[in-house]
Amino acid sequence: MKARASVEEKYAKDLLGLSKKVCGHNEINTLKRSLDMFKLQTEHVSLTHSQLAHSMREEAKKLEDFRERQREARKKVEQQMDFLHKQKSAHYKKTMDSKKTYDQKCRDREEADQNMNRNANTNNTKQMDKLYSKAQSAKQTAEEADRVYHQNVTIMGSIRDEWLAEHINACEMFENQATERITFLRNTLWTHLNQLSQQCVTSDELYEEVRKSLELCDVQEDIGHIINLRRTGEKPPPPVTYDNFYSGQRPPAVAPPPRLPPPIGRRGPLPLPTNNGEDIIYSTVQDGVYSVIKY
């Protein structure tokens, strides 16, 4: 749309320059008025194209603003999703490490219990106390590892639920954005085509003014106007008579021959426009079926 606006601006500028050029400055009367109307409406057409370019740039700016709003909204969701994903991944690793520790401490506890049971019948009280103490310590360590592991699993479940809810919200948000984007682009393109169609209608209305002016262009009136404007008199100048310098007598002045009215058919019929052998036929102002198109 921005590229099309640039084309319209250049076209409007060139058309405006063309309307300022000399066109039919030697013509007079009705044909001159028609040519002046043609230049004027050409200038108006250039102005409408300039306005069209301005409207296109406004629509393109709306499209850019819409795209930027969607980009900012998408960026916020993506940042939140990235944060939760990293948090989930880090806590997943922490949970798995705590599970490994828990498993190892449980194995240590079982081993300590087995050692104490194997030596239950020994008479060495000091050794039994040592095994008992070691078994109790392993039990406490395993219980603590179990608590940490269970706590991490609980936290992991909470983080996963939050991440899953955010993931669902993000999917719904992106779907809504896609719906808005397709709808906005469709409406923008529709508006763009309406602008182009309106420009064609406006241009045709302006050109119609030129056609109306050409309908008022009267060939015979222009010919009569030229004759009345440029004529030098009603009578031709008298003939030059011979005047003998040495003769005392002057020859009698010879009366000029009477002026005869010009023949009626001194001019042939006006030439008709031809199509140069092509099949295309254009209407003229003499056509009986010619009419002004109304919108």
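Side chains included, hydrogens not; waters and symmetry mates left out as well; all remaining heavy atoms used.
With a 4.5 Å cut-off on side-chain heavy atoms, His44 and Gln41 count as touching. A heavy-atom distance below 4.5 Å is not found between the side chains of Asp218 and Asn29. Counting only heavy atoms from C-beta outward, the side chains of His192 and Thr188 never approach each other to under 4.5 Å. Side-chain atoms of Met56 and Leu196, non-hydrogen and from C-beta on, do get closer than 4.5 Å to each other. A heavy-atom distance below 4.5 Å is found between the side chains of His150 and Thr154.
A salt bridge links Glu68 to Arg71: one of the charged nitrogens lies within less than 4.0 Å of a carboxylate oxygen. A salt bridge links Arg211 with Asp204: at least one charged nitrogen is closer than 4.0 Å to a carboxylate oxygen. Under 4.0 Å is where a charged nitrogen must lie from a carboxylate oxygen, and between Asp82 and Lys86 at least one such pair does. Asp103 and Arg107 are not joined by a salt bridge, as no carboxylate oxygen comes within less than 4.0 angstrom of a charged side-chain nitrogen. Ion pairing between a basic and an acidic side chain is recognised when a charged N comes within 4.0 Å of a carboxylate O; Lys88 and Glu162 show no such pairing. A salt bridge links Glu144 with Arg147: at least one charged nitrogen is closer than 4.0 Å to a carboxylate oxygen.
Considering OH of Tyr92 and CG of Asp97, their distance stands at 10.5 Å, rounded to 0.5 Å. Note: Thr95 OG1 to Lys93 NZ = 11.0 Å, rounded to the nearest 0.5 Å. To the nearest 0.5 Å, atom CD1 of residue Ile28 and atom CG of residue Leu35 are 12.0 Å apart.
Residues Leu18 and Leu206 share a single hydrophobic cluster, defined by chaining ILVMFWY side chains whose heavy atoms lie under 4.5 Å apart. Placement of Val77 and Phe83 within a single hydrophobic cluster is found when ILVMFWY residues are connected by side-chain heavy-atom separations under 4.5 Å, directly or transitively. When the side chains of ILVMFWY residues are joined at heavy-atom separations under 4.5 Å, either directly or via intervening members, Ile226 and Leu229 end up in a single hydrophobic cluster. Met81 and Met173 fall within a single hydrophobic cluster, where Ile, Leu, Val, Met, Phe, Trp and Tyr side chains are chained together by heavy-atom contacts under 4.5 Å. Ile155 and Leu84 sit in two unconnected hydrophobic clusters of ILVMFWY residues. Membership requires side-chain heavy atoms under 4.5 Å apart, directly or through other members.
Using a distance-only test at 3.5 Å, with no hydrogens or angles considered, no donor-acceptor pair links the side chain of Thr183 to the main chain of Glu180. Judged purely by atom type and a 3.5 angstrom limit, Ser34 uses its side chain to pair as donor or acceptor with the backbone of Thr30. Asn176 places a side-chain N or O within donor-acceptor distance of the main-chain N or O of Glu172, the cut-off being under 3.5 Å. For Ser46 (side chain) and Glu43 (main-chain N/O), a donor-acceptor pair under 3.5 Å exists by modelled atom type. Between the side chain of Ser6 and the main chain of Lys2, a donor-acceptor pair closer than 3.5 Å is present. Between the side chain of Ser213 and the backbone N or O of Glu209 there is no donor-acceptor pair closer than 3.5 Å.
When all heavy atoms of Arg57 and Ala5 are compared, the closest pair comes out as CG-CB, 3.7 Å. Shortest non-hydrogen contact noted between Tyr11 and His49 is CE2-NE2, 3.3 Å. Residue Ser203 comes nearest to Val45 through the heavy atom pair OG-CG1, 4.1 Å, listed as atom of the first residue, atom of the second, then distance. When every heavy atom of Arg74 is checked against every heavy atom of Phe174, the shortest pair comes out as CG-CE2, 3.3 Å. Taking all atoms of both residues into account, the shortest heavy-atom contact from Asp222 to Leu31 is OD2-N, 3.2 Å. Here the closest non-hydrogen pair linking Gln195 and Glu59 is NE2-CG, 3.6 Å.
Counting non-hydrogen atoms of other residues, nucleotides and ligands closer than 6.0 Å to CD of Glu175 gives a total of 12 or fewer. With a 6.0 Å radius and a threshold of 12 heavy atoms from other residues, nucleotides or ligands, Arg160 has its CZ atom at or below the threshold.
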Next item on the list: Give the C-alpha distance, both sets of side-chain angles, the deciding distance and a yes or no for side-chain contact (heavy atoms from CB on, under 4.5 Å) between Asp14 and Lys10.
Entry: CA-CA 6 Å; Asp14 293 343; Lys10 184 177 184 304; 3.0 Å; yes

Next item on the list: Test Arg4 against Glu8 for salt bridge (charged side-chain N to carboxylate O under 4.0 Å, His left out), laying out the working first.
Entry: CA-CA 6 Å; Arg4 178 61 187 267; Glu8 292 292 338; 3.1 Å; yes

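No side-chain donor-acceptor contact under 3.5 Å links Glu221 and His225. Inspection of the Asp108 and Gln104 side chains reveals an N or O donor paired with an N or O acceptor under 3.5 Å.
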